[in-house]
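What follows is a single structure, written as structure tokens, with notes after it.
Bear in mind the structure is a predicted one, so any value in this text is a computation, not a measurement.
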Amino acid sequence: MVSLRFPFSFSQPPRQPPKTNASASFPSSVTVSIAATVTAGIGAGFAISHNFVNQTDPLLLKALRFFSPNVCGGLPPWASLSMADNSGGIAVESKTGVSFPTLLKDTQRLLGIGLRKKSIVGLKNIDIYAFGVYADDQEIKNLIAENFGALSASELKENKDFYAQILHNDLSMTVRLQIVYGRLNIRSVRSAFEESVGIRLKKFSGSDNNELLQRFTSQFKDEYKLPRGSIIDISREHGHIVRTTIDGKEIGSIQSKLLSQAILDLYIGDDPFDKRAKEEIELRLASLISS
């Protein structure tokens, strides 16, 4: 996993009181909390309202049984975010209490949630930001029908070419970052992207592409503040346009297929920031073959 390097020394953030407002409107009888096991220094999890979960879709259940033979009447925990549901809702990263809408830009569905952490010598792991990965599910279904329709859900899940095409093709996707470390500054974000995106640019092109990297990272100007709760959206729009916003304000856009691949690879590539989140994303993508 590529390290997230920060050019300053972290001080221990003040302990935040537990957040309860994200699910306060739902009674306990309709809320399920799922604590994912923390492995390799990475944590991810969900607290999800049943209000938007379709637990009786026979097609989705059929697909899920490929991965979990014990699935009978209801969905296993990792399948709680139903991409077939159109009513919207929220999903909550259980460790931080950060909530994500399950529908973004009217057509993009939430595939999974992860947590970016940083281990500091002498201190415990620090949660930097929670992230959600979104995709237009109809575009994914079209990709499956055109290129992978003969595969079963279990075969699709293990098909590396499927995920390579998601990175490569002109599909609408968004990665939403929500800051949870209250002392993060924009210079740290810029430096982290210089390293992580720079490595991916070289991975896909074989060269450094310093000019393209500088165009992207220079969007994160010192004037922007990133208090806890700030939202950074990095979207791939049609035409391989990478558009970046901070708290809804656009800070730049770049048309580059290579850049869009490099950024998405951080979260759904071979060496993602959060491996558990990627596994959940893969399962949801594969379940679309039967929906």
Side-chain angles (χ1 to χ4, degrees), residues 1 4 13-26 28 30-53 75-83 85 88-105 108-119 124-135 173-184 189 192 226-235 245-248 263-264 266-268 272-285:
M1 181 175 67
L4 180 61
R15 187 177 299 276
Q16 297 291 332
K19 300 185 74 172
T20 60
N21 61 320
S23 59
S25 60
F26 301 108
S28 59
V30 294
T31 302
V32 56
S33 295
I34 304 161
T37 303
V38 177
T39 58
I42 299 172
F46 297 97
I48 304 169
S49 165
H50 280 183
N51 280 9
F52 65 91
V53 177
L75 303 184
W78 50 260
S80 300
L81 294 176
S82 171
M83 294 183 70
D85 178 69
I90 62 168
V92 179
E93 200 289 309
S94 62
K95 187 174 186 296
T96 61
V98 173
S99 62
F100 291 84
T102 58
L103 180 65
L104 203 64
K105 301 180 180 179
Q108 293 186 14
R109 296 285 171 184
L110 181 61
L111 300 176
I113 296 175
L115 188 61
R116 187 73 174 105
K117 303 171 76 72
K118 175 66 178 176
S119 179
K124 67 177 183 179
N125 286 338
I126 294 176
D127 302 331
I128 305 301
Y129 62 79
F131 65 85
V133 178
Y134 295 79
M173 298 186 68
T174 297
V175 179
R176 169 163 288 190
L177 318 180
Q178 295 204 50
I179 307 302
V180 297
Y181 182 71
R183 300 182 183 182
L184 188 66
V189 173
L226 291 175
R228 178 181 171 89
S230 298
I231 296 176
I232 301 174
D233 281 347
I234 305 176
S235 300
T245 66
I246 296 179
D247 291 331
I263 292 171
L264 289 171
L266 298 174
Y267 304 95
I268 61 174
F273 283 160
D274 188 328
K275 293 181 179 179
R276 183 172 295 276
K278 184 195 173 182
E279 291 171 358
E280 293 165 343
I281 290 167
E282 289 176 344
L283 289 169
R284 289 190 184 87
L285 288 171

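With a 4.5 Å cut-off on side-chain heavy atoms, Lys95 and Asp127 count as touching. Contact annotation: the side chain of Leu264 approaches that of Val175 to within less than 4.5 Å [non-hydrogen atoms, C-beta and beyond]. By the 4.5 Å heavy-atom criterion applied to side chains, Gln108 and Leu103 are not counted as neighbours. Side-chain atoms of Lys117 and Ile128, non-hydrogen and from C-beta on, never get closer than 4.5 Å to each other. Residues Leu110 and Val133 form no side-chain contact, since every pair of their non-hydrogen atoms from C-beta on lies 4.5 Å or further apart. Here the side chains of Ser99 and Glu93 are not in contact, with every heavy-atom distance at 4.5 Å or above. Residues Ile231 and Leu177 have side chains not in contact (no heavy-atom distance under 4.5 Å, counting atoms from C-beta outward). The side-chain heavy atoms of Ile234 and Thr174, taken from C-beta on, include no pair separated by under 4.5 Å.
The shortest non-hydrogen separation linking Gly114 to Ala277 is CA-CB, 3.7 Å. Closest approach of Gly112 and Arg284 over heavy atoms only: CA-NH1, 3.9 Å. Taking every heavy atom of both residues into account, Thr102 and Ala91 meet most closely at CG2-N, 4.2 Å. Leu111 and Ala135 make their closest contact through CD1-CB, 3.8 Å (heavy atoms, listed as atom of the first residue, atom of the second, distance).
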Inset, instruction - Applying side-chain contact (heavy atoms from CB on, under 4.5 Å), run through Asn125 and Lys118 and close with a yes or a no. - result: CA-CA 6 Å; Asn125 286 338; Lys118 175 66 178 176; over 6 Å; no

Inset, instruction - Would you please test Lys278 and Glu282 for salt bridge (Lys or Arg N to Asp or Glu O under 4.0 Å) and show each step? - result: CA-CA 6 Å; Lys278 184 195 173 182; Glu282 289 176 344; 3.6 Å; yes

Inset, instruction - Step by step, work out the side-chain contact (heavy atoms from CB on, under 4.5 Å) result for Val98 and Val180. - result: CA-CA 8 Å; Val98 173; Val180 297; 3.3 Å; yes

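In this structure, the separation between CZ on Phe100 and CD1 on Ile113 is 5.5 Å, given to the nearest 0.5 Å. To the nearest 0.5 Å, atom CZ of residue Arg109 and atom CG of residue Leu104 are 10.5 Å apart. Summarising the geometry, atom CD1 belonging to Ile246 is positioned 10.0 Å from atom CG belonging to Asp233; distances are rounded to the nearest 0.5 Å. Between the CG atom in Leu115 and the CG atom in Asp274 there is a gap of 7.0 Å [rounded to 0.5 Å].
Here the side chain of Tyr134 pairs no donor or acceptor atom with the backbone of Ser235 at under 3.5 angstrom. Looking at Asp247, its side chain never comes within 3.5 Å of a backbone N or O of Ser230 through a donor-acceptor pair.
Cation-pi check for Arg116 over Tyr129 is not met; the charged atom does not lie both under 6.0 angstrom from the ring centroid and within 45 degrees of its normal.
The pair Lys275-Glu279 does not count as a salt bridge, with every side-chain nitrogen at least 4.0 angstrom from each carboxylate oxygen.
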